[in-house]
> 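The structure under discussion is supplied below as structure tokens; questions concerning it will follow.
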Amino acid sequence: MATGHEDTTLHKALVDIRDSVESLNDSLSLRHVADLSGFKNVLDSKLLARTSPDYPLVVSIAGGGSTGKSTLFNAMTGGANSIAKARAGLTRRTLAAIHQDVLRREGFLENLFSPFSEIPTPLKSQTELTEPGSPRYIECSAISPSIVLLDTPDFDTGDSARLFNRDIAKPVLEASDVIIYTFTGTTYNNRANTQFLGSVLRDLGCRKVALVYRCYSSLPEEEVREHAEVVLENIYGKDSTQWCLGIYRVDEENLVAEGKKPAVIRPLSGGLPLY
């Protein structure tokens, strides 16, 4: 993922390509042969927009059922925005939290959600999230304009014959710049989930991952780190540490799991806050 100076350089190079092709087309008098309008529209609306230094990072919260994805989403967005209950498979569609300043940009939603082939509409009720369908979004002043945060359906809803939420999760992962992967003591070594995540991310050239472990407060930090390293290796293999942004823990509490109390996300010693 390009950032900072790399973003600016890439953006400038694409602008130069667009202008050079147009200039060359004019100088060779190819107007009657080549219609550049389609080329320019794609370049301007998709590539140039996404490589602009002020285009927000797309950050997805992903993982298996009952691992605390929606609870984490609510903590990061400052309110009970997603539906969070102590029940697996509740969330069946993607929910995006987007700063209002970003939403005002012309064509932003269409560009951001082009991989989904569906433009999101505003969330009217949490119950919409329990039914399959097109993505929803909320305006959120609690998150930075530099990110768009996505709450995603479980990887493992369904049975071994058909994990139907994976068809929904795959394009979300493909469109993301950063993944926050949530897991618990019973799911940290779930190879089906981590192999699915790893296969999608490796196909795209890998993505940075932050790991959030929902566990009992009595679990020693050394064991939290050990389990997280198993997760990371299951996703990316032996040379996986370069793709890890950090390891975090959330204390296991019934009130948090039921959405009645906000989650507190703590980095392991020496780590940076998640948000």
Side-chain angles (χ1 to χ4, degrees), residues 57-99 123-132 135-144 147-157 165 168-169 172-173 176 178-188 190 193-194 197 209-219 221 224 227-228 231 245-268 271-275:
L57 288 174
V58 179
V59 180
S60 293
I61 303 174
S66 296
T67 56
K69 296 183 298 301
S70 296
T71 301
L72 177 58
F73 180 89
N74 288 340
M76 295 180 71
T77 57
N81 295 303
S82 187
I83 188 164
K85 302 287 183 182
R87 197 180 94 198
L90 199 59
T91 302
R92 298 293 308 279
R93 71 171 89 202
T94 299
L95 176 63
I98 308 173
H99 195 277
L123 180 70
K124 296 178 181 178
S125 168
Q126 285 187 345
T127 57
E128 292 179 286
L129 301 174
T130 64
E131 303 170 354
R136 296 288 187 260
Y137 74 85
I138 57 168
E139 291 190 13
C140 183
S141 59
I143 64 170
S144 168
I147 71 167
V148 169
L149 187 66
L150 304 180
D151 187 22
T152 68
D154 304 340
F155 286 169
D156 49 6
T157 296
N165 272 357
I168 306 172
V172 178
L173 298 175
S176 300
V178 175
I179 307 297
I180 300 175
Y181 182 70
T182 62
F183 58 98
T184 68
T186 57
T187 64
Y188 80 91
N190 183 324
N193 279 349
T194 50
L197 176 60
V209 177
L211 303 176
V212 178
Y213 192 178
R214 201 188 84 209
C215 58
Y216 291 106
S217 57
S218 58
L219 191 69
E221 181 169 304
V224 172
H227 288 181
V231 170
L245 289 173
I247 300 170
Y248 304 83
R249 63 186 299 167
V250 176
D251 289 345
E252 181 78 68
E253 289 189 56
N254 288 337
L255 290 178
V256 172
E258 293 169 4
K260 298 177 181 178
K261 181 179 176 181
V264 177
I265 301 96
R266 296 180 286 122
L268 296 197
L272 297 174
L274 184 59
Y275 62 95

> Under the salt bridge (Lys or Arg N to Asp or Glu O under 4.0 Å) test, which residues partner Arg214, sequence neighbours left out?
Glu252
> Atom NE2 of His99 and atom SG of Cys140: how far apart are they, to the nearest 0.5 Å?
8.0 Å
> Can you run down the salt bridge (charged side-chain N to carboxylate O under 4.0 Å, His left out) pairs that involve residues 74-84, sequence neighbours left out, and say none if there aren't any?
none
> Side chains of Asp151 and Ser70: is there a donor and an acceptor less than 3.5 Å apart?
yes
> Rounded to the nearest 0.5 Å, what separation is found between the CG atom of Leu274 and the CD1 atom of Ile247?
12.5 Å
> Please name all residues satisfying side chain to side chain donor-acceptor pair (under 3.5 Å) with Ser144, sequence neighbours left out, ordered by chain then number.
Ser146
> Listed by chain and number, what are the ring pair (Phe, Tyr, Trp, His ring centres under 6.0 Å) partners of Tyr188, not counting sequence neighbours?
His227
> Any chance you could measure Asp251, atom CG, to Cys215, atom SG, to the nearest 0.5 Å?
6.5 Å
> Can you list the residues that meet the salt bridge (Lys or Arg N to Asp or Glu O under 4.0 Å) rule with Glu221, with sequence neighbours excluded?
Arg225
> Please report the interatomic distance OG1(Thr194) to OH(Tyr181), rounded to the nearest 0.5 Å.
5.5 Å
> With Thr182, which residues qualify under side chain to side chain donor-acceptor pair (under 3.5 Å), at least two apart?
Thr67
> Between Leu173 and Ala62, what is the shortest heavy-atom contact and its length?
CD2-CB, 4.1 Å
> Who passes side-chain contact (heavy atoms from CB on, under 4.5 Å) against Leu245, sequence neighbours left out?
Val178, Lys208, Ala210
> Among all residues two or more places apart in sequence or in another chain, which pass the side-chain contact (heavy atoms from CB on, under 4.5 Å) test with Ala96?
Ile98, Phe113, Tyr137, Val148, Leu150
> Could you tell me the separation between the OG atom of Ser82 and the CG atom of Leu72, rounded to the nearest 0.5 Å?
10.5 Å
> If you define the side chain from C-beta out and look only at heavy atoms, does anything of Leu219 sit under 4.5 Å from Arg249?
yes
> How about Arg92 and Pro132: do any of their side-chain heavy atoms sit closer than 4.5 Å?
yes
> Could you check whether any side-chain heavy atom of Asn81 comes within less than 4.5 Å of a side-chain heavy atom of Phe73, counting everything from C-beta outward?
yes
> Among all residues two or more places apart in sequence or in another chain, which pass the side chain to side chain donor-acceptor pair (under 3.5 Å) test with Thr184?
Thr186, Thr187
> Test of understanding: with salt bridge (Lys or Arg N to Asp or Glu O under 4.0 Å), list the residues that count as partners of Arg93, not counting sequence neighbours.
none
> Might you point out which heavy atoms bring Ser60 and Thr152 nearest each other, and give the distance in Å?
CB-CG2, 4.3 Å
> Please identify which of these residues, Thr94, Ile61, Ile179, meets the side-chain contact (heavy atoms from CB on, under 4.5 Å) condition with Val172.
Thr94
> Any side-chain to backbone donor/acceptor pair from Glu131 onto Glu128? Under 3.5 Å, distance only.
no
> Going by side-chain contact (heavy atoms from CB on, under 4.5 Å), name the residues that satisfy it together with Ala263, two or more places apart in sequence or in a different chain.
Thr71, Ala75, Val250, Val256, Ile265
> Between CG of Leu211 and CG of Leu268, what distance do you get to the nearest 0.5 Å?
9.5 Å
> Sort and list the pairs that fulfil salt bridge (charged side-chain N to carboxylate O under 4.0 Å, His left out) and have at least one residue in residues 65-79, not counting sequence neighbours.
Lys69-Asp154
